[in-house]
Amino acid sequence: MIQNRRRTAARVLLLAFAALGLQLTVPAAASADPASNTWAKLRMCESSGRYATNTGNGYYGAYQFDLPTWRSVGGAGRPDQAAPAEQDYRALYLYRMRGWQPWQCAGMLKLAGDADARSKRVPTYAESAYIGGGGLPTPPPGPGGPKPAWPGVVYQYGDCAAPLKAFQLRMNAYGYGFTGTGCYYEKTRTAVLDLQRANGIKDSGLLGPKTWDAAWNGKAPR
């Protein structure tokens with residue numbers, strides 16, 4: 001009897017939605033990409049983690065692409081001569097096209113595919129930015145992406161701090177290829193200066209509040 005009442009109530013609810021012209025929707029399954037440490041394991045197995053490696057047997061870079069496979073996912077030139085961020089991007093692209101199948105090491109490591117394996121969904125550079133060690137994808141460039149609170153410290157050359165890692169990983173959305181050391185050295189200085197010049201900020205090389213905000217809400221560095 002209780003079950004019948006519940007069924008009747010459910011029917012009444014469905015009819016009410018229909019009468020109001022409303023649609024019941026089921027949330028789509030969330031997609032997911034392999035964690036950054038999974039990619040690190042793959043790189044270590046394939047190339048000892050070296051992006052510039054050239055084995056001399058037709059396989060190149062951190063993910064040991066051969067040229068036909070590299071070109072099948074839009075790669076130009078030779079993989080070992082491409083920036084780390086570019087290799088990460090093409091690896092994610094390949095994963096979304098073919099899963100772990102192209103990598104022998106994936107089988108040896110018993111890596112399991114997830115919702116994005118063979119999804120045929122072309123990634124963005126922002127989506128692949130986490131692969132070099134960030135752990136999570138960074139938000140896409142431009143206004144609207146979530147910005148961490150300004151840490152209240154002006155950073156300069158030689159500083160090391162956790163907020164610097166957040167800044168570095170954010171700049172990967174613009175193709176800088178940081179691994180997220182959290183230390184301000186020459187590569188970070190270049191990114192800071194590029195960002196300041198693109199956004200009309202005094203190019204001091206100091207990572208202050210205006211430059212911090214521009215990383216998430218300003219113009220992309222040229």
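Please read these numbers as outputs of a predicted model, since none were measured by experiment. All values below come from the heavy atoms of this structure, side chains included, with hydrogens, waters and symmetry mates left out.
No side-chain donor-acceptor contact under 3.5 Å links Lys165 to the backbone of Thr181.
Pairs of residues two or more places apart, or lying in two chains, never qualify as disulfide bond (SG atoms under 2.5 Å apart) while including a residue from residues 46-102. Listed by first and then second residue, the disulfide bond (SG atoms under 2.5 Å apart) pairs that reach into residues 81-126 are Cys45-Cys105, sequence neighbours excluded. Applying the disulfide bond (SG atoms under 2.5 Å apart) test to pairs two or more places apart or on separate chains, those with a residue in residues 169-216 are Cys160-Cys183.
In this structure, Lys187 forms a cation-pi arrangement with Phe178, its terminal cationic atom sitting closer than 6.0 Å to the ring centre and no more than 45° off the ring axis.
Using a 30° and 60° split on the angle between ring planes, Tyr157 and Tyr185 fall in the perpendicular class, above 60°. Ring geometry, Trp212 versus Phe167: the interplanar angle falls under 30°, so the pair is classed parallel (tilted spans 30 to 60°).
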Passes side chain to side chain donor-acceptor pair (under 3.5 Å), Tyr63 versus Asp88? Steps please.
-> CA-CA 8 Å; Tyr63 302 96; Asp88 292 340; 2.7 Å; yes

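For Leu195 against Lys219, the heavy-atom pair with the smallest separation is CD1-O, 3.9 Å. Here the shortest heavy-atom pairing between Trp100 and Pro34 reads CZ2-CG, 3.5 Å.
Take Gln156 and apply the side chain to side chain contact (heavy atoms under 4.5 Å, CB included) test, not counting sequence neighbours, and it matches Asp159, Leu206. For the side chain to side chain donor-acceptor pair (under 3.5 Å) test, no residue two or more places apart in sequence or in another chain qualifies with Trp70. Thr55 pairs by the side chain to side chain contact (heavy atoms under 4.5 Å, CB included) definition with Thr53, Asn57, Tyr59, Gln64, not counting sequence neighbours.
When only modelled atom types and interatomic distance are considered, Tyr130 and Trp39 share a side-chain donor-acceptor pair under 3.5 Å.
Within 6.0 Å of CZ in Arg98 there are more than 12 heavy atoms belonging to other residues, nucleotides or ligands.
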